[in-house]
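Quick note: numbers below take in every heavy atom, side chains included, and nothing from hydrogens, waters or symmetry partners. Naming: A, B, ... by sequence-line order, numbering from 1 per chain.
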Amino acid sequence: MDSIVPCLELNLYTEPNSSSSINTPKITPKIEPFDEHPPFLPPTTHLPTHQYRIARPPPKPEVSSEFNRISELFRSTFAQRLQKYGDVAVLPDADPNSGAIVPCNNPETQAGNVVISPRGGRKQDQRSSELVRVTDLRPEAHRCFRGEIRRTRLLFDSLRAFLIADIEKDRDSLTPQRWRRVDLKVAQLMKNQGLWLYRDKRIVGAIPGVSIGDVFFFRMELCVVGLHGQAQAGIDYVPASQSSNGEPVATSIIVSGGYEDDEDAGDVIIYTGHGGQDKHSRQVVHQKLECGNLALERSMHYGIEVRVIRGIKYEGRAPGKVYVYDGLYRVTDTWFDVGKSGFGVYKFKLVRFENQGQMGSVVLKFVESLRTLQLDAWPKGYVSLDLSSKKENMPVFFFNDIDEDHEPLYYQYLTTTRFPLHVYDRGAKGIGCDCVGGCLDVCSCANKNGGEFAYDLNGILVRGKPLIFECGPHCQCPPTCRNRVSQKGLRNRLEVFRSRETGWGVRSLDVIQAGSFICEFTGIVLTQEQAEIFTMNGDSLVHPSRFPGRWAEWGDLSQIFSDYVRPAYPSTPPLDFAMDVSRMRNVACYMSHSSSPNVIVQLVLFDHNNISFPHLMLFAIENIPPMRELSLDYGMTDEWTGKLSDTLYAKELRMAQQFLLILLNLVVALCRQKFGICVFGSRF
DNA sequence: GGATTTTCACAGTT
DNA sequence: CAACTGTGAAAATC
């Protein structure tokens, strides 16, 4: 064997007789001698001859033993990292060839235990150059990797919110320029703690735990989860110097419209190689077949799939661009062309593998197109274009293309929770702040939160707390005050939809950035007596105390700062009230349950001072792509996959029956009174 | 829009 | 040759 094995297939699990469960294509790398220059090389380009002169390394050992070695490595590093969180273990009798990682419920190390890392952590480490491909992930293993990705991104996003708030606190003082790039700082902090994922292997193909359609707001976030390792460059690759045969191999690209010669048709991309631009991003010299350009050509040569991430301009809030993972492509063609500038550029034709699920960028464009769509052009299934009847400042759509169930139409829409009157009476006076011109650093409401505002200037929740005090009707500050985030209503177009899996569900037509306010969970708060009557009737109510305290997950920075203390002030209020959502409710009522939710409950006070009756405000803790289902942890066990609204629906049926019975009673009583007749015997 | 960042690849040196 | 070190590129960000 006088050549290389450019990519080792790492089978984490092979389903017996499975054929179609995984989309990752199986590519057997072509192993061909490599001593002639690619025919398309134009004479004008500088040929990086060293790439070709490197002596061939000694032949690799037999694939089986090498495979074993790598899978052992792969397994141990992942297992160590995952075991840290206590919800994953390696099966002791796992097949050493499979390297299987399976989640288990280890009662001694429950998920959520966080190991405090020493400061300074691991030394800066280089990326590995070993190519592996992860195939045939078992569903459990996929979940476990997804959990790892989720925790990592949660830390990234909440650390960013935390640092931004820190800068905003004294922005009058001269903030060094480098601190304004908070995303870079976050990545650096996480790297120092060894929290970047997939550093120990170069993964060809899909990254375990990253789904098509996942959205990112920062390039560094792509680096942290291992999707694309370059901070700025568009082509990520194993460098020639580290490759076993001296040839670079590309693994992922970012298509973000920075090159004038790109042509993006979705499934087919004509991608321009990099280089040849001046600092104004103008093409000024010919491109060369080196670095990433050569790597892409080599990936075509070996038939190695390339991850594609699209950077898309997004007319949303703060960040101007979102990055969405669109799946795997193969390079099918490459040529040297004269670009619009008149200079030579390399072009690569990339074709998307089929059966990969819808592209995230297509979904993004679709929901954007709905903004300006004429009413009659809307897709079938939109039963209502605003469930709230303009009570919310954004429409709440209602979509059902499955059956004729129009249940959500029959409830009165309740934008904010109604508390019993006695809640408002108690100590309503003198609770507000006096910041007439808007709340600045010193504000009595901020003091109630422990001297800081709970949100940054973009309205992102800095970190979860037991309770948050916002400014309210008793304050002197204007309604635009920064400390009124959850009173300003919806900021995203939400949609209640019928789902075969979960009955009802809620999704957004906009990208929701992690830390943003979504909506309130509203209902009519019952007095103790009312609740007892409801309970006696066997009716189910929403008990806020049953929501687990997930707020702590947003902003748990103990992995970064060893002296980090979880916020304990204001202390958790006792929540012994119940909410009735049987007549009036809002969109939140239709959210599905999940044990790894993307939405959390944050308790907030603003219109009264009674800490036993806070509002249940819902915040995103992940970046949620449009059309992805929102989920909440209702505190149910995992076996319970039903939804609140399902139980409520059952309750509706019971109530309807009772109502009919009462009506019948009335009619019968009237008949008896009027006609003196006895209907249905003496019982009435 | 320019200044400011980081990371990575690469090449040269110790 | 392994380990540094310095340089330059890079579709980033504010």
Side-chain angles (χ1 to χ4, degrees), chain A residues 46 48-51 53-55 57-58 123-129 160 163-164 167-168 171 174-192 196 199 202 216-224 226-243 246-264 269-285 287-288 290-296 298 308-314 317-324 339 345-348 457-458:
Chain A
H46 160 73
T49 45
H50 63 269
Q51 307 275 14
R53 269 201 226 119
I54 282 180
K123 249 188 97 178
Q124 190 173 330
D125 56 341
Q126 277 212 318
R127 281 213 287 173
S128 157
S129 62
R160 186 174 169 273
L163 293 183
I164 284 180
I167 292 171
E168 285 175 352
R171 62 186 181 289
L174 205 68
T175 308
Q177 186 80 22
R178 62 194 172 86
W179 273 93
R180 288 187 217 161
R181 286 297 302 275
V182 176
D183 53 316
L184 299 179
K185 194 70 200 165
V186 169
Q188 191 187 59
L189 282 168
M190 288 182 71
K191 195 177 185 186
N192 290 344
W196 286 28
R199 298 282 294 176
R202 286 293 178 102
F216 303 81
F217 283 95
F218 301 95
R219 282 290 290 262
M220 290 317 291
E221 210 174 353
L222 301 173
C223 295
V224 170
L227 199 58
H228 187 84
Q230 302 281 345
Q232 283 184 242
I235 306 171
D236 194 20
Y237 58 104
V238 179
S241 59
Q242 291 179 36
S243 170
E247 299 171 19
V249 177
T251 53
S252 60
I253 62 165
I254 294 184
V255 189
S256 56
Y259 279 80
E260 57 195 5
D261 297 312
D262 282 355
E263 292 167 43
D264 187 359
I269 306 169
I270 307 296
Y271 189 73
T272 315
H274 62 195
Q277 291 188 330
D278 66 0
K279 58 181 173 182
H280 304 291
S281 301
R282 283 184 303 233
Q283 206 72 41
V284 288
V285 288
Q287 290 185 347
K288 299 168 185 172
E290 56 185 16
C291 303
N293 297 350
L294 183 64
L296 265 180
R298 288 290 91 192
V308 169
I309 300 115
R310 280 194 173 79
I312 296 177
K313 277 212 188 80
Y314 176 65
R317 288 193 288 286
K321 207 182 240 184
V322 291
Y323 296 94
V324 52
V345 292
Y346 280 94
K347 291 204 169 170
F348 302 92
L457 292 174
N458 285 317

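One distance of note links SG of A/Cys223 with NE2 of A/His228; it measures 7.0 Å at 0.5 Å rounding.
Remark: side-chain polar atoms of A/Gln283 are not paired, donor with acceptor, to backbone N or O of A/Gly339 under 3.5 angstrom.
Close to C/dC14, at under 4.0 Å from its OP1 or OP2, lies no side-chain N or O of A/Lys321.
Annotation for A/Tyr259 and A/Gly275: closest pair OH-N, 3.1 Å, computed over non-hydrogen atoms.
No side-chain heavy atom of A/Ile164 sits under 4.5 Å from any side-chain heavy atom of A/Asn458. With contacts defined as side-chain heavy-atom distances shorter than 4.5 Å, the pair A/Val249/A/Tyr237 does not qualify. Counting heavy atoms from C-beta on, the side chains of A/Arg160 and A/Phe218 come closer than 4.5 Å. At a threshold of 4.5 Å between non-hydrogen side-chain atoms, the residues A/Ile253 and A/Phe348 do not count as touching.
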Can you give me the dot-bracket string for DNA chain C, 5' to 3', counting Watson-Crick and G-U wobble pairs with both distances under 3.5 Å, using [ ] for crossing pairs and | for partners on another strand? .|||||||||.|||
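Heavy atoms of A/Gly292 sit nowhere under 4.0 angstrom from any nucleic acid atom. Looking at heavy-atom distances under 4.0 Å, A/Asp262 makes contact with a base. A/Tyr323 comes within 4.0 angstrom of sugar-phosphate atoms only, judged by non-hydrogen atoms across all strands, and of no base.
If you check B/dC8, B/dC10, C/dT13 against the side chain of A/Lys191, the one that comes closest is B/dC8. The A/Leu184 side chain lies nearest to B/dT6 when the options are B/dA9, B/dT6, C/dA11. Listed candidates were C/dA11, B/dC10, B/dT6. Nearest to the side chain of A/Tyr237 is B/dC10. With C/dC14, B/dC8, C/dA10 as the choices, the nucleotide that has an atom nearest any side-chain atom of A/His274 turns out to be C/dA10.
Each of A/Met220 and A/Ala233 has a nearest nucleotide on DNA chain C; the 5'-most of these lies closest to A/Ala233.
Residue A/Gln232 contributes atom CD, which lies 11 Å from atom P of B/dT6 at whole-angstrom precision. In this structure, the CG atom of A/Asn458 is 12 Å from the C1' atom of C/dC14, given to the nearest Å.
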